[in-house]
Every structure is written in structure tokens, then in C-alpha cells.
Protein chains: 2
Amino acid sequence: MARAATTSDVFNAVAEERRRDILELLRDGELPATAVAERLGMTQPGTSKHLKVLREVGLVRDRRAGKQRLYALDARGLRAIHEWAGGFEQYWSESFDRLETYVQRLLHDDEEAQ
Amino acid sequence: MARAATTSDVFNAVAEERRRDILELLRDGELPATAVAERLGMTQPGTSKHLKVLREVGLVRDRRAGKQRLYALDARGLRAIHEWAGGFEQYWSESFDRLETYVQRLLHDDEEAQ
DNA sequence: GCGTCACTTTCCCATATGGGTATATGTTGC
DNA sequence: GCAACATATACCCATATGGGAAAGTGACGC
């Protein structure tokens, strides 16, 4: 097997930095595909592909406006990520304490080794 | 170019569900690699590879304990993800409203088209 | 209908993945 | 030193990626 498809998951879709950039950009409002490409300095076909991935996982919506296709953020899917990471909140608060315990254990092990 | 390395980012590391499972498991405390494999029903080499990725991005730490190697969660890196997703919080709250606007615009477009 | 603009899709490629199996490394106890 | 146990690495494979270039689709204005 290979790596999971980028479209299999919001997590996978968002793993690509370019796509995170796109989402951030779209916070300011709808934009046509070309504008996204320009503002992020990406090629037009490249942008189109990234937008497709985001569309497939439901993080953006698109609507036609004449020849243009306007892309808009649909951030609801990001909530799952926020909540998943939030489930670790107490642990990253404790991390310093834990790290200290860990370091002290290492030091202790060294003493024993000598 | 291919997809970004799984070790290039916390986002990429966490895109793999198996690795998220490992992190969740380690919330209950340190575990030797074999225990992780057993509890998640993964092969030993597979687990070892996933743990390596998590180690390289700093989401787990390991220490030797005799023949065993105990892995512990270091959740600090997940904070970045939590905060990044949190930056969209107001948007997923608004999403229903936006979706409505969007749908109405679609309906409107249809009317015009007829 | 036709040219043009705005995109999307198709191809091709280099790359790295995750999974399995087999093998190597490291540590302990005798 | 050696057997046994705990992990890590090396190999192999199928797969999908992101990027670039080129070709295809759709909508508009004349």
C-alpha cells in the first residue's frame, strides 16, 4: 500500500502546506481560482489540483460566476482537527513536567551506569 | 516532486491514522514498542516505523528500560495544529450562515437562468 | 460560430510512502 | 560467549503524490 490519499481525510488534505495557505487565504472571502494562484505564487493548474482536493474533502465550496469559478472556505471540517488536537491539551501543558521527569531519569540512569 | 515527507511536519506526521492512534494510546502513559503493536494490532516492524516518524517530529520520546524501549507522548507539537485549526473557529461557526447564503445564491442563479 | 478568457484534466516523472518479510542490532541472563 | 528477547533496518512492492507542460472544457462577447 502507499500513503493514504490526500482526499481520504481532512487530516491528509491539510497536511500539504500549500493547501493550508489556500484555506488561510480564503478566510478573507471568496476568490476566483486565478486569484488564489496569483496571490500564492502558484501555477494555475497546480492551484486547480489543490482546490480539487480541498473540494473533495469539503473544505471549500465553489460556485460559478460567469467565466470565473469562485472558491469559498467551508471551515466546518477543520473542527474535527481542532478537537482531535484539543484532546491532547492537558498533555502539552504537562509536557514540561514530564520532560523534566524524563531528563532526571536519564541522569539517574547515567549515574547507575558509572 | 512527490508528496512532502511524513517527517517534514507535525501535520504530515499526524495525517496517518495509525500514528494518531499511537498518540492517543500513549496518553495513558509510557509503553514499550511491542505493547503499542499489540494493542493496535499492528506488526512490530510497522509500529517501529511509525514510532520513528513520530520521534523525528518530536511527538514521542523514547528511553531504554532494559531490553525494552519505552515510548512516551510529547504532545507539545500538537499545540501548533490545535492553534492553526483554532484560527478558523469563527468560520466554522459562521459556516451554516454562509452555506445558506450560498444556497440562496444558487437558487437565485437558477431563477435567472430560467 | 469563433476567438478569448478561466479553469480543469491528462500525461509524464521523481519521489516517498506504508505494508510485509527477512535480517540486523542491542540488551539481558546464564 | 551464547541463546533469547525487544526493536530497528533493509528490501521489495503497489500506489499516489505534487509539479510542469500541454491539451481539453465551459462561458462570454461579438
Side-chain angles (χ1 to χ4, degrees), chain A residues 1-23 26 30-57 60-72 106 109-110 112-113, chain B residues 1-23 26 30-57 60-72 106 109-110 112-113:
Chain A
M1 217 181 271
R3 219 203 284 204
T6 55
T7 53
S8 60
D9 222 38
V10 186
F11 284 92
N12 277 282
V14 153
E16 171 70 27
E17 191 168 12
R18 294 321 194 97
R19 287 194 285 265
R20 291 199 298 277
D21 292 341
I22 292 177
L23 294 176
L26 292 179
E30 279 183 328
L31 279 180
T34 310
V36 174
E38 277 176 12
R39 298 217 200 169
L40 297 179
M42 318 171 39
T43 68
Q44 182 270 311
T47 309
S48 187
K49 285 178 212 166
H50 283 310
L51 285 170
K52 183 179 186 180
V53 173
L54 292 172
R55 229 180 338 181
E56 291 189 29
V57 299
V60 302
R61 301 185 302 268
D62 63 307
R63 68 184 184 95
R64 301 209 81 108
K67 331 187 196 187
Q68 301 192 125
R69 188 175 285 245
L70 299 179
Y71 279 90
L106 281 183
D109 290 353
D110 280 352
E112 281 187 339
Chain B
M1 216 182 272
R3 218 201 289 202
T6 54
T7 52
S8 60
D9 223 36
V10 186
F11 285 92
N12 278 283
V14 155
E16 170 71 27
E17 190 168 12
R18 266 26 194 352
R19 287 195 284 267
R20 292 200 297 278
D21 292 342
I22 292 176
L23 294 176
L26 291 179
E30 279 182 328
L31 279 181
T34 310
V36 174
E38 278 177 11
R39 296 217 200 169
L40 297 179
M42 319 169 42
T43 67
Q44 180 269 312
T47 310
S48 186
K49 285 179 213 164
H50 283 311
L51 285 170
K52 184 178 184 179
V53 172
L54 292 172
R55 230 180 340 184
E56 290 188 32
V57 297
V60 302
R61 303 184 303 269
D62 63 305
R63 68 183 182 92
R64 302 211 78 110
K67 331 186 198 186
Q68 301 191 124
R69 188 174 285 247
L70 298 180
Y71 279 90
L106 280 183
D109 289 355
D110 280 352
E112 280 187 340

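Residues that satisfy the side-chain contact (heavy atoms from CB on, under 4.5 Å) test with A/Ala35, not counting sequence neighbours, are A/Leu31, A/Pro32. In terms of the side-chain contact (heavy atoms from CB on, under 4.5 Å) criterion, residue partners of A/Ala5 (sequence neighbours excluded) are, by chain and number, A/Thr7, A/Ser8. In this view, B/Arg69 and B/Arg55, B/Asp62, B/Arg64, B/Tyr71 satisfy the side-chain contact (heavy atoms from CB on, under 4.5 Å) rule, not counting sequence neighbours. B/Arg20 meets the side chain to side chain donor-acceptor pair (under 3.5 Å) test with A/Asp9; sequence neighbours excluded.
Across all strands shown, B/Pro45 has heavy atoms under 4.0 Å from base atoms, whether or not it also approaches the sugar-phosphate. Residue B/Gln44 is classed as a base contact, given a heavy-atom separation below 4.0 Å to a base. If you check every strand for non-hydrogen atoms under 4.0 Å, B/Thr43 touches sugar and phosphate atoms only.
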Listing, residues 44-52 of chain B side-chain donor-acceptor contacts under 3.5 Å, not counting sequence neighbours, or none:
from, atom 1, to, atom 2, distance (Å)
B/Thr47, OG1, B/Thr43, O, 2.7
B/His50, ND1, B/Arg19, NH1, 3.1

* side-chain contact (heavy atoms from CB on, under 4.5 Å) between A/Glu17 and A/Asp21, intermediate numbers included -> CA-CA 6 Å; A/Glu17 191 168 12; A/Asp21 292 341; 4.2 Å; yes
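For the pair B/Gln68 CD and D/dA4 P, the interatomic distance rounds to 19 Å; values are reported in whole Å. A straight line from CG of A/Asp62 to P of D/dA27 spans 13 Å, rounded to a whole angstrom. Nucleotide C/dA6 holds its C1' atom 11 Å from the CD atom of A/Glu38, rounded to whole Å. To the nearest angstrom, C1' of C/dA6 lies 11 Å from CG of A/Leu70. Remark: C1' of D/dT9 and CG of B/Leu51 are 14 Å apart, rounded to the nearest angstrom.
Side-chain contact between A/Val60 and A/Leu23: present, with at least one pair of heavy atoms (C-beta onward) separated by less than 4.5 Å. Taking the side chain as every heavy atom from C-beta outward, B/Arg3 and A/Asn12 approach each other to under 4.5 Å.
Within the 4.0 Å cut-off from OP1 or OP2 of C/dA6, not a single side-chain nitrogen or oxygen of A/Tyr71 is found.
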* To do: Could you run through nucleotides 25-30 of chain C and give me one letter per nucleotide, 5' to 3': B if any protein heavy atom sits under 4.0 Å from the base, S if only the sugar-phosphate is that close, - if neither?
  => -SSS--
* Sequence-aligned protein contact record of nucleotides 13-18 of chain D, with B where the base is within under 4.0 Å of a protein heavy atom and S where only the sugar-phosphate is -> -BB-BB
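Under the side chain to side chain contact (heavy atoms under 4.5 Å, CB included) test applied with A/Val53, the options A/Val14, A/Thr6, A/Ile22 reduce to a single match, A/Thr6.
Each of A/Met42 and B/Ala33 has a nearest nucleotide on DNA chain D; the 5'-most of these lies closest to B/Ala33.
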